[in-house]
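Have a look at the structure below before the remarks.
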Protein chains: 2
Amino acid sequence: MDHQIPNTKELGLIVRDARKQQGLTQEDLAGLTGTGRRFISDLEQGKETAELGKVLAVLASLGLALFAHSKWSK
Amino acid sequence: MDHQIPNTKELGLIVRDARKQQGLTQEDLAGLTGTGRRFISDLEQGKETAELGKVLAVLASLGLALFAHSKWSK
DNA sequence: CCGTTTTGTTCCCGTTCGGGAACATTTTGT
DNA sequence: ACAAAATGTTCCCGAACGGGAACAAAACGG
């Protein structure tokens, strides 16, 4: 299933859904990605200033692949 | 055209390509997104710690839509 | 070629991240 | 309803972001 990511709030929801679907707690996910529970909480709340690298790590841990689709494309 | 984004380096390349395709300088893009030229340069170089919200703003300015695709999906 | 433009990199510096821990609140299960 | 677990939130604090400006190097065009 594909989710568009227009903003950080939306991303937060996606992360939360994926995490719950896999029966993980925030603490579990934090452990898997080498971050802290605070970071996961902030991310799920849509914090704008979360660091990109860690966000990608979290997504990867959840088995979520990111794609950029160009409208103009080519 | 779709690009996968496994890490920040890859994202940097995607941003740069899209920017050039549209004939924009880093300064132009920085202006469009309300950031600084330094941020754009860092981003294109794959800086891990770039702030998520600004990254999304840059992608939007370039007409790039982001998608999360779940492997397990459903 | 050589001047112009673009980009990479460094500096200063105010602001903020995010880890860890503690506490409050909410959610969950029985 | 109640205890336990999970999550939200605050604090302390070292580390680093990123804007702006300046300079060097690289890319580009005529």
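Residue numbers begin at 1 in each chain, while the letters A, B, ... track the order of the sequences. Quick caveat: nothing in here was measured; it's all calculated off a predicted structure.
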Rounding to a whole Å, what distance do you find between Asp17(B):CG and dT7(C):P? 13 Å

Quickly work out the Glu27(A) CD to dG8(D) P distance and round it to whole Å. 13 Å

Kindly say if Gln26(B) contacts the phosphate of dT5(C), meaning a side-chain N or O under 4.0 Å from OP1 or OP2. no

Rounded to the nearest 0.5 Å, how far does CG of Leu52(B) lie from CG of Leu43(A)? 7.5 Å

Between CZ on residue Phe67(A) and CG on residue Leu66(B), distance to nearest 0.5 Å: 11.0 Å

To the nearest 0.5 Å, what is the distance between CG (Leu32(B)) and CG (Leu24(B))? 6.5 Å

Where along residues 34-49 of chain B does a heavy atom fall under 4.0 Å from DNA chain C? Arg37(B), Arg38(B), Ser41(B), Gln45(B)

Take atom CG of Leu24(A) and atom P of dA5(D), then tell me their distance rounded to the nearest Å. 18 Å

Residues, nucleotides or ligands: over 12 heavy atoms within 6.0 Å of Gln4(B) CD: yes

Any side-chain N or O of Arg19(A) less than 4.0 Å from the OP1 or OP2 oxygen of dT7(D)? yes

Taking only N and O in the side chain of Lys54(A), is any of them less than 4.0 Å away from OP1 or OP2 of dC17(C)? no

Side chain of Gln22(A), backbone of Leu62(A): donor and acceptor closer than 3.5 Å? yes

Are the side chain of Ser41(B) and the backbone N or O of Arg37(B) linked by a donor-acceptor pair below 3.5 Å? no

Heavy-atom nearest nucleotide on DNA chain D taken for Lys20(A) and for Glu51(A); more 5' hit belongs to Lys20(A)

